[in-house]
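As structure tokens, the structure follows; a few thoughts come after it.
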Amino acid sequence: MSINQDDSALLTKPVPPSTTLAWRHHHVLDIDDFTREEIELVFQTTDAMQEVLSRPIKKVPTLRGKTVVTLFYEASTRTRVSFELAAKNLSADTVSVTSQTSSATKGESLVDSLDTLQALGANIVVIRHPCSGAPYLVARRLQASIINAGDGWHAHPTQALLDLYTIRKHKGSLKGLKAVIIGDITHSRVAHSNIWGLTTMGIEVTLSGPPTLIPPGLDREHDSFPKVNVDYNLDRAVEGADILMALRLQHERQQSGLLPSIREYVQLYQVNEARLARAKPDALVMHPGPVNEGVEISPAVAHGSQSVIEEQVTNGVAVRMALLYLLAGGKEQ
Ligand code: CP
């Protein structure tokens with residue numbers, strides 16, 4: 001697929017017929033309902049967006065006349081900025097709203113705020129909210145496409161897609177790889193979406209972290225949750241791994257008594273050089289950010305040759321361009 005800077009056909013028919021057929025989503029709420037083929041389609045579309053981003057003028061007219069609103073009820077740097085860049089690169093009109101600057105401060109409900117944004121012409125709303133399920137609530141009500149930019153502990157689908165894309169860039173084929181997700185699994189929307197995405201693509205997932213931060217019984221067979229391994233011993237879990245994905249440790253976990261101390265966490269669960277040496281020689285070190293350097297990952301590993309943390313952030317723009325493009329093309333706005 002190629003996306004031409006001056007291809008006016010893209011204005012009215014942004015997605016070629018073959019891709020339109022495979023794309024059935026009006027919203028991106030999580031990737032638990034994405035097939036392997038749909039994730040491959042996001043990868044292919046992202047490749048085309050990377051090509052756009054390699055041009056001197058990184059802009060195509062695909063979303064001209066569309067309005068993309070980012071509505072963030074929680075802090076964000078990477079996700080919010082990359083969505084705004086992605087929308088601008090596709091020539092959409094962009095509006096950025098935060099809870100501090102919206103009428104939420106005057107008591108307006110989430111649903112009323114979204115109704116207002118739709119009345120003002122929003123075609124796609126990118127929402128981050130501290131309550132799990134908030135994007136689902138608004139998606140049931142609005143005509144606009146909703147993209148979940150992180151809801152509570154539940155899901156962060158665009159993070160998982162950019163993580164998968166980054167892995168694919170380095171490894172080519174994903175099937176049969178071994179990934180270890182490390183840290184606070186219970187409270188991590190990144191972990192939850194990645195478990196769905198990684199397993200859908202045929203990657204074997206092991207969860208490792210303090211027993212207090214991993215829901216019990218996850219390694220048993222479930223009808224409605226992917227098969228994963230759990231190993232509380234990180235030294236053992238990383239043996240032969242292709243991907244080490246560390247999660248941010250939120251300080252409030254220690255205050256809530258789920259962690260004895262940061263020092264003990266570092267001793268048992270930090271991704272450091274000794275642990276990385278137990279993984280495959282070409283293993284990737286990943287982190288969704290923001291990183292507590294020296295806690296989840298040692299500085300040497302965070303900045304070492306196997307770290308792809310910065311590349312994850314960079315790839316976020318092209319992946320989000322791909323999703324905006326597919327959503328705009330999959331259904332008339
Ligand atoms: N990874 C991630 O969601 O980062 P931000 O909170 O900065 O968006």
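Order of appearance sets the numbers: ligands from 1, and atoms from 1 within every ligand.
- Against a heavy-atom cut-off of under 4.0 Å, Thr77 is close to the following atoms of ligand 1: 5 (P), 7 (O), 8 (O).
- Of the protein's non-hydrogen atoms, the one nearest atom 1 (N) of ligand 1 is Pro288 O, 2.9 Å.
- In this structure, a donor-acceptor pair under 3.5 Å is present between the side chains of Ser96 and Glu84.
- Between Phe34 and Trp23, the angle of the ring planes goes over 60°, which puts this pair in the perpendicular group of the 30/60° scheme.
- Centroid-to-centroid, the aromatic rings of His154 and Tyr136 come within less than 6.0 Å.
- Within the structure, ligand 1 has Gly289 among the residues with a heavy atom less than 4.0 angstrom away.
- The protein heavy atom nearest to atom 2 (C) of ligand 1 is Thr79 OG1, 3.6 Å.
- Classification of the Trp153-His187 ring pair by plane angle, with boundaries at 30° and 60°, yields perpendicular.
- Of all atoms in ligand 1, listed by their number and element, those nearer than 4.0 Å to a heavy atom of Gln159 are 1 (N), 2 (C).
- More than 12 heavy atoms of other residues, nucleotides or ligands lie within 6.0 Å of CD in Glu108, so this atom counts as buried by the packing criterion.
- Between Pro290 and ligand 1, not a single N/O pair is under 3.5 Å apart.
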Test side chain to side chain contact (heavy atoms under 4.5 Å, CB included) applied to Ile195 and Leu207, step by step: CA-CA 9 Å; Ile195 288 169; Leu207 309 176; 3.9 Å; yes
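- Ranked by closest heavy atom to atom 6 (O) of ligand 1, the top entry among Arg128, Arg78, Arg80 is Arg128.
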